[in-house]
Amino acid sequence: MAREQLLRVQNFNVSRDGFGAGENQSLERPFGDADPGTMFAWAGATAGWPNRTDPGGSRGLDDYFTRDFHNNIGAEIMGRNKFGPQRGPWQDHEWQGWWGDEPPFHTPVFVMTHHARPSFTLSDTTFHFTGGADPADVLARAKEAAQGKDVRLGGGAATIREFLDADLVDTLHVAVSPGIEIGSGSRLWKSPDELLDRFHLDVVPSPGGSVVHHLFWRK
């Protein structure tokens with residue numbers, strides 16, 4: 001019997017007040033007014049961080065989440081704002097995302113957008129553009145492309161919220177940074193309690209102390 005394919009949110013960071021990114025997103029500032037270096041410091045400190053250039057790094061729970069990021073993932077869904085800062089119809093097909101010639105996804109990626117654009121491939125990642133399809137249809141396409149593996153819902157916050165509101169998310173791991181307040185921008189929640197009608201929740205402090213891991217799974 002085939003294993004059920006899950007839609008998973010992994011290692012998604014929010015501030016104490018529930019924002020995944022600030023306002024004023026631009027080509028130079030993918031997270032707008034928020035500082036991603038501070039938000040993701042917990043992951044960057046781990047031994048399993050893929051961009052690590054020196055030996056060492058922390059082990060334990062934070063490292064487990066970093067290493068588990070690609071485990072059994074066969075496709076990703078992301079919002080257009082995670083792909084790039086442009087709005088409206090595509091003006092520049094030369095722009096191919098923030099990740100250079102070697103994107104970190106290594107799977108098909110489905111970008112939520114109302115504006116059609118041809119698919120393209122960089123290394124082992126192919127980006128598809130959904131052309132206004134609703135979340136359930138996009139998830140069906142992503143599951144087919146994942147060939148039996150799970151689908152990661154990569155963000156941003158508005159896209160995760162869209163799939164939550166459609167009751168399509170199976171598990172979420174959200175790392176909350178208690179020392180960071182953003183104030184405005186792209187918000188996932190006002191309180192994690194908003195999800196408790198549909199999800200179980202475990203809350204586990206990071207060993208490093210910089211974030212608190214919130215682990216949700218469907219009831």
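Hydrogens, waters and symmetry mates play no part in the numbers below; they use all other heavy atoms, side chains included. For clarity, every value in this text was computed on a predicted model and none was experimentally measured.
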Any chance you could lay out the salt bridge (Lys or Arg N to Asp or Glu O under 4.0 Å) test for D167 and R218, step after step, and finish with the verdict?
-> CA-CA 10 Å; D167 200 26; R218 187 190 287 273; 3.1 Å; yes
For D35, does its backbone N or O pair with a side-chain atom of R29 as donor and acceptor, under 3.5 Å?
-> no
If you link I, L, V, M, F, W and Y whenever their side-chain heavy atoms are under 4.5 Å apart, who else ends up in the same group as F129?
-> L27, M78, F83, W90, W95, W98, W99, F105, V109, V111, F120, L122, F127
Can you find a pair of side-chain heavy atoms, one from P118 and one from H93, that are under 4.5 Å apart?
-> yes
Should I77 and V151 count as side-chain neighbours, where that means a heavy-atom distance under 4.5 Å?
-> yes
For the residue pair F40 and N13, establish whether any side-chain heavy-atom pair is separated by less than 4.5 Å.
-> yes
Using the test salt bridge (charged side-chain N to carboxylate O under 4.0 Å, His left out), find all partners of E181 that sit at least two apart in sequence or belong to another chain.
-> R16
Close side-chain approach of R80 and R87, heavy atoms under 4.5 Å | no
Flag for S206-D62: side-chain donor and acceptor within less than 3.5 Å | yes
Rounded to the nearest 0.5 angstrom, the CZ-CG distance for R198 and L195 is 6.0 Å
Ignoring hydrogens and angles, tell me if any N or O in the side chain of T66 forms a donor-acceptor pair with the backbone of G48 under 3.5 Å.
-> no
Can you tell me if K82 uses its side chain to pair, donor with acceptor, with the backbone of G154 under 3.5 Å?
-> yes
Answer yes or no: is there a side-chain heavy-atom contact under 4.5 Å between S177 and V14?
-> no
Between D124 (side chain) and T107 (backbone), is there a donor-acceptor pair under 3.5 Å?
-> no
Side chain S123, main chain T125, donor-acceptor under 3.5 Å | no
Do D137 and R141 sit within salt-bridge range, that is, some charged N less than 4.0 Å from a carboxylate O?
-> no
Hey, is the main chain of D68 close enough, under 3.5 Å, to the side chain of Q10 for a donor-acceptor pair?
-> yes
Full working for side-chain hydrogen bond (donor to acceptor under 3.5 Å, both in side chains) between H106 and H70 = CA-CA 9 Å; H106 313 297; H70 293 294; 4.8 Å; no
Using atom types as modelled and distance alone, determine if a side-chain donor or acceptor of R117 lies under 3.5 Å from a backbone N or O of G131.
-> no
Partner set under side chain to side chain contact (heavy atoms under 4.5 Å, CB included) for N72, not counting sequence neighbours = R3, R8, K149, D150
Does any N or O in the side chain of N24 come within less than 3.5 Å of the main-chain N or O of D33, such that one atom is a donor and the other an acceptor?
-> no
Does NZ or CZ of R152 come closer than 6.0 Å to the centre of the six-membered ring of F69, within 45° of the ring's axis?
-> yes
H214 side chain to V212 main-chain N or O, any donor-acceptor pair under 3.5 Å?
-> yes
Is the side chain of R187 donor-acceptor paired with the backbone N or O of D17 at a distance under 3.5 Å, no angle test?
-> yes
For D202, side-chain hydrogen bond (donor to acceptor under 3.5 Å, both in side chains) partners two or more places apart | none
Grouping ILVMFWY residues whenever side-chain heavy atoms fall under 4.5 Å, the cluster of L215 otherwise contains W42, L61, Y64, F65, V204, V211
What donor-acceptor contacts under 3.5 angstrom involve side-chain atoms of residues 155-163, with partners at least two apart or in another chain?
from: R161; atom 1: NH1; to: L188; atom 2: O; distance (Å): 2.9
from: R161; atom 1: NH1; to: E194; atom 2: OE1; distance (Å): 2.9

Can you hop from F12 to W189 via hydrophobic side chains spaced under 4.5 Å?
-> yes
